[in-house]
Amino acid sequence: QSSLSLCVSLLRALSLSLTVTACASELAMPRSAPLPSRLIPIFPYLALFLLPCLLLPFFLPILTFPASLPAALLSNSRALTPPCSPPSLRLHDSGFCIGGCHSHCFPRIRGLCFSSSQVKVCSETNYGKPIERLMTSHFVRYNENYEEQAEVPTIMRFYGERLTLPVQFSRCTGAQHWYTGLSMVADQRFLPYRKPNPHHEAEKIIPALLMSRVYGLSNITLYWFSSSQELSAWAKGFLKATGMEDRVKYLNLPRERGSEICFDDAVVFSGPTNLWYIPDQSTNNWLRECALQYCSISHSNASWPVKSASILDRISRPRQLANKQKVAEVVSQVFNIPVKEKFSGVGSFCDQVKVVVEDDIVIVPHGSQNVNLIFARPGTTVIEVFPFLFYTNALWNYTHAAQLRLYPLLGIRPPNNKVMWFFSFLGWDFCYNNFRWCKNFSRQQLIYADVKELERLLLRIHSDGRA
């Protein structure tokens, strides 16, 4: 309807301009000229006006057709889980690698120094190999016997992402303070100032926790270039729940001309993981038990038939559910149960854990607050709603280990949003993968769930049961 109204508005404007032009041409012709001669100049304008009207029926289906769907999205008739390789955790010369549904490695660097102006990888300590052999497209493989490659970050960020320093290979000389032995080091990449992000905090905390736990490294320390005041309530609670609080030491970068802070042997947690950091169900079960015990919550599986449902919305923009009242009505009609409306990612760590373990079905908008789903009860049905033209399957990467039934639901175009109407011609994949402005703009919009598709999805879930 909005596309049609836009076309009508354009035709009205074109009609008005043509009328004015035709009248001007008529007035410009001498009155003595015969009537047919005076009408001839109007014919081209009349044809120009009629042509869009004649072509409109052919273009209307294109203007109103939905944007091409993301190629990665499969049928919604079953819960989607990625194929998983054998789970494993490996600490070797190249780095610390987590293998489950995907293998992700964190680089292990011999000789890593931090100053006020740069981060240095000490070339003389890395097996004596030349720098050019260490670096190939920013990937490092210290030992050719390993298949994994640990990506050495090209930059690291500090002070709430307000300072970006390059990572450079060079000789480490000058005044230095060294931490000997194996250490874990993290920066503040993807953690903007005064905007704590549990998802990106988890990318650093959980791998560090698993590394220390699996290898019995009870004395290993995570050196984090941050401060406890900058952590979210989620991160602080998680560290306490898992007994890792005392193994985190917060550091500041050296002052200008101050002694460099150096690490003899460091596993670095900096770059994105795409949520590949929980390898298997036993690991997730342990994390869940730590959280539930810390918060005094009893453990149980989700019920079937469904007994409770909730909408876990974000507390603020962006990506709030704009039509959650309609969503609640559909869920209530299909399962004949009341639907609670709550907020996720709010309050203390235990408050955030409780809201995800109370219900059998939860509907969530895409966002970092969904990291709490690792604590949800096994068998919980999760419907993740995406903004229009923004889709990623990253949430699958750890919900497979939490034993959840995850279903994606694409959002529809926000009403009266002309920019998103224009972007819809690009399609979901092109917008997300090839046009950063479109991707960033779409993720900042309110989410309108496709209520009709939601109803079809819920009916399939209801009929399938545990199938």
Inspect the surroundings of [atom1] in [X] and state if more than 12 heavy atoms from other residues, nucleotides or ligands are less than 6.0 Å away.
X	atom1	value
Gln118	CD	yes
Arg436	CZ	no
Asn219	CG	no

Could you measure the distance from the [atom1] atom of [X] to the [atom2] atom of [Y]? Nearest 0.5 Å is fine.
X	Y	atom1	atom2	result
Cys295	Lys240	SG	NZ	11.5 Å
Leu312	Ile383	CG	CD1	11.5 Å
Ile363	Glu341	CD1	CD	10.5 Å
Leu395	Glu384	CG	CD	4.5 Å
Thr154	Met156	OG1	CE	11.0 Å
Leu91	Phe96	CG	CZ	7.0 Å

Student check: side-chain heavy atoms of [X] and [Y] closer than 4.5 Å:
X	Y	result
Thr242	Arg213	no
Pro207	Phe269	yes
Leu165	Leu253	yes
Val119	Leu112	yes
Tyr448	Phe388	no
Ser212	Ile220	yes
Glu260	His177	no
Trp396	Pro408	yes

Please name the pair of heavy atoms, one in [X] and one in [Y], separated by the smallest distance, quoted to 0.1 Å.
X	Y	value
Tyr159	Gln188	N-OE1, 2.8 Å
Glu201	Leu231	OE2-CA, 3.5 Å
Ile297	Val357	CG2-CG2, 4.0 Å
Ser228	Lys236	O-CE, 2.8 Å
His104	Phe106	CD2-CZ, 3.6 Å
Leu182	Val267	CD1-CG2, 4.2 Å

Measure up the His200 and Phe190 rings against each other and bin them: parallel (under 30°), tilted (30 to 60°), perpendicular (over 60°). parallel

Between Phe386, Tyr432, Phe390, which is the residue that forms a side chain to side chain contact (heavy atoms under 4.5 Å, CB included) with Arg443? Phe390

Stepwise, does the disulfide bond (SG atoms under 2.5 Å apart) test hold for Cys122 with Cys262? CA-CA 10 Å; Cys122 305; Cys262 299; 5.7 Å; no

So, Phe238 versus Trp234, ring centres under 6.0 angstrom or not? yes

Qualifying residue for salt bridge (Lys or Arg N to Asp or Glu O under 4.0 Å) with Glu358, from Lys340, Lys342, Arg377: Lys342

Side chain to side chain donor-acceptor pair (under 3.5 Å) contacts in which one or both residues fall within residues 316-327, not counting sequence neighbours: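 Counting only pairs at least two positions apart or across chains, the side chain to side chain donor-acceptor pair (under 3.5 Å) contacts touching residues 316-327 are Asp313-Lys324.
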
Intermediate values then yes/no, side-chain contact (heavy atoms from CB on, under 4.5 Å), Val364 and Ser344: CA-CA 8 Å; Val364 298; Ser344 184; 5.9 Å; no

Just to verify, what does Phe335 make a ring pair (Phe, Tyr, Trp, His ring centres under 6.0 Å) with, not counting sequence neighbours?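 With neighbours one apart ignored, the set is His462.
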
Just checking, any donor-acceptor pair under 3.5 angstrom between side chains of Asn285 and Gln403? yes

Between Cys172 and Cys113, is the SG-SG gap under 2.5 Å?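 The sulfur gammas are not closer than 2.5 Å, so no.
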
By side chain to side chain contact (heavy atoms under 4.5 Å, CB included), which residues pair with Thr164, not counting sequence neighbours? Ile155, Arg157

Name the residue from Tyr193, Tyr250, Trp224, Phe225 that meets the ring-ring contact (aromatic ring centres under 6.0 Å, His included) definition with Phe158.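 Result for ring-ring contact (aromatic ring centres under 6.0 Å, His included) with Phe158: Phe225.
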
Step-by-step side-chain contact (heavy atoms from CB on, under 4.5 Å) determination, Val334 to Leu459: CA-CA 7 Å; Val334 173; Leu459 289 172; 4.0 Å; yes

Assess whether ring pair (Phe, Tyr, Trp, His ring centres under 6.0 Å) is satisfied between Phe349 and Phe375, documenting all intermediate values. CA-CA 11 Å; Phe349 172 75; Phe375 309 122; 5.6 Å; yes

Please lay out, stage by stage, how Lys418 and Phe422 fare under the test side-chain contact (heavy atoms from CB on, under 4.5 Å). CA-CA 6 Å; Lys418 299 299 188 295; Phe422 172 77; over 6 Å; no

Using the ring of Tyr223 (Phe, Tyr or Trp, six-membered ring only), decide whether Lys249 places NZ or CZ under 6.0 Å from its centre and within 45 degrees of its axis.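 Cation-pi check for Lys249 and Tyr223: fails.
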
NZ/NE/NH1/NH2 to OD/OE distance under 4.0 Å, Glu455 and Lys452: no

From CA spacing to verdict: side-chain contact (heavy atoms from CB on, under 4.5 Å), Arg108, Asp265: CA-CA 7 Å; Arg108 181 177 182 179; Asp265 186 1; 2.8 Å; yes

